[in-house]
Amino acid sequence: MSRPSQPKITSTDHNGVSVIQSQAHAASSSSLPAVVAGLQQVPQLIPANSSAGGGKALPPSKMKKPPADKDSEEYRQRRERNNLAVKKSRMRSKQKAMDTQQRVNELKEENERLEAKIKLLSKELSVLKDLFLEHAHNLADNVQPPAGAESSSPAPNNASTNGQ
């Protein structure tokens, strides 16, 4: 019932699909009907040309580089350049932090000056309001005649007409 194991031949058809054939059928591939009747085509998930990966290429920063010999000149130069870059980056970071702190201090001083100016101007406004209100009360007192002054003063026209 079981078929005897036969050596298999793998070939690639015109579509790039790998085809596995048994040797017995490969020998009779000259006649087309015999090939169609006896061959089993099995498409492979991996393309026949496995070197063409068919994906996006990785950027150089993501590619694994072979480890350099730690005694080589190239490795020493790369390490030196990297050390300088790190030192420069740290210096820039410290300078930026110092500049930011200086700006914070300047703004705090300016804020204190402005708050002192607000207090001074508020006091000045209060004094000016008091002066204005005092002056307004004095004017109001001077404009109003005394209550009994109108009835005690004779009218000039009445005195001349009474004498005739």
Colleague: Using side-chain heavy atoms (C-beta onward) and a distance below 4.5 Å, is E106 in contact with R103?
Modeller: yes

Colleague: With rounding to the nearest 0.5 Å, note down the distance linking CD in E124 to NZ in K117.
Modeller: 10.5 Å

Colleague: Between K119 and E115, is the closest basic N to carboxylate O distance under 4.0 Å?
Modeller: no

Colleague: How many angstroms lie between atom CD of Q77 and atom CD of E80, to the nearest 0.5 angstrom?
Modeller: 7.5 Å

Colleague: Any chance you could measure L107, atom CG, to Q102, atom CD, to the nearest 0.5 Å?
Modeller: 10.5 Å

Colleague: Using the salt bridge (Lys or Arg N to Asp or Glu O under 4.0 Å) rule, take K108 and E112 through it: C-alpha gap first, then chi angles, then the decisive distance, then the call.
Modeller: CA-CA 6 Å; K108 281 182 179 180; E112 289 173 3; over 6 Å; no

Colleague: Within this structure, what is the OG1-CD distance for the pair T100 and Q95, rounded to the nearest 0.5 Å?
Modeller: 9.5 Å

Colleague: Once rounded to the nearest 0.5 Å, what's the spacing between atom CZ of F132 and atom NE2 of H137?
Modeller: 9.5 Å

Colleague: With a 4.5 Å heavy-atom cut-off, do V86 and N82 have their side chains touching?
Modeller: yes

Colleague: I'd like to know whether K88 forms a side chain to side chain contact (heavy atoms under 4.5 Å, CB included) with L84, so could you lay out the CA-CA distance, the side-chain angles of the two residues, the decisive distance to 0.1 Å, and finally the verdict.
Modeller: CA-CA 6 Å; K88 205 188 272 189; L84 287 174; over 6 Å; no

Colleague: So, taking the atom named NE2 in H135 and the one named CG in L139, what distance separates them when rounded to the nearest 0.5 Å?
Modeller: 4.0 Å

Colleague: In sequence, state the C-alpha distance, the side-chain angles, and the governing distance for N138 and E134, and then conclude on side-chain hydrogen bond (donor to acceptor under 3.5 Å, both in side chains).
Modeller: CA-CA 6 Å; N138 288 339; E134 185 180 327; 4.5 Å; no

Colleague: For the side chain of S122 and the backbone of I118, is there at least one donor-acceptor N/O pair under 3.5 Å apart?
Modeller: yes

Colleague: Could you tell me which residues satisfy side-chain contact (heavy atoms from CB on, under 4.5 Å) with E109, sequence neighbours excluded, listed by chain and number?
Modeller: R113

Colleague: Strictly below 4.0 Å, N to O, side chains only: are E74 and R78 in salt-bridge contact?
Modeller: yes

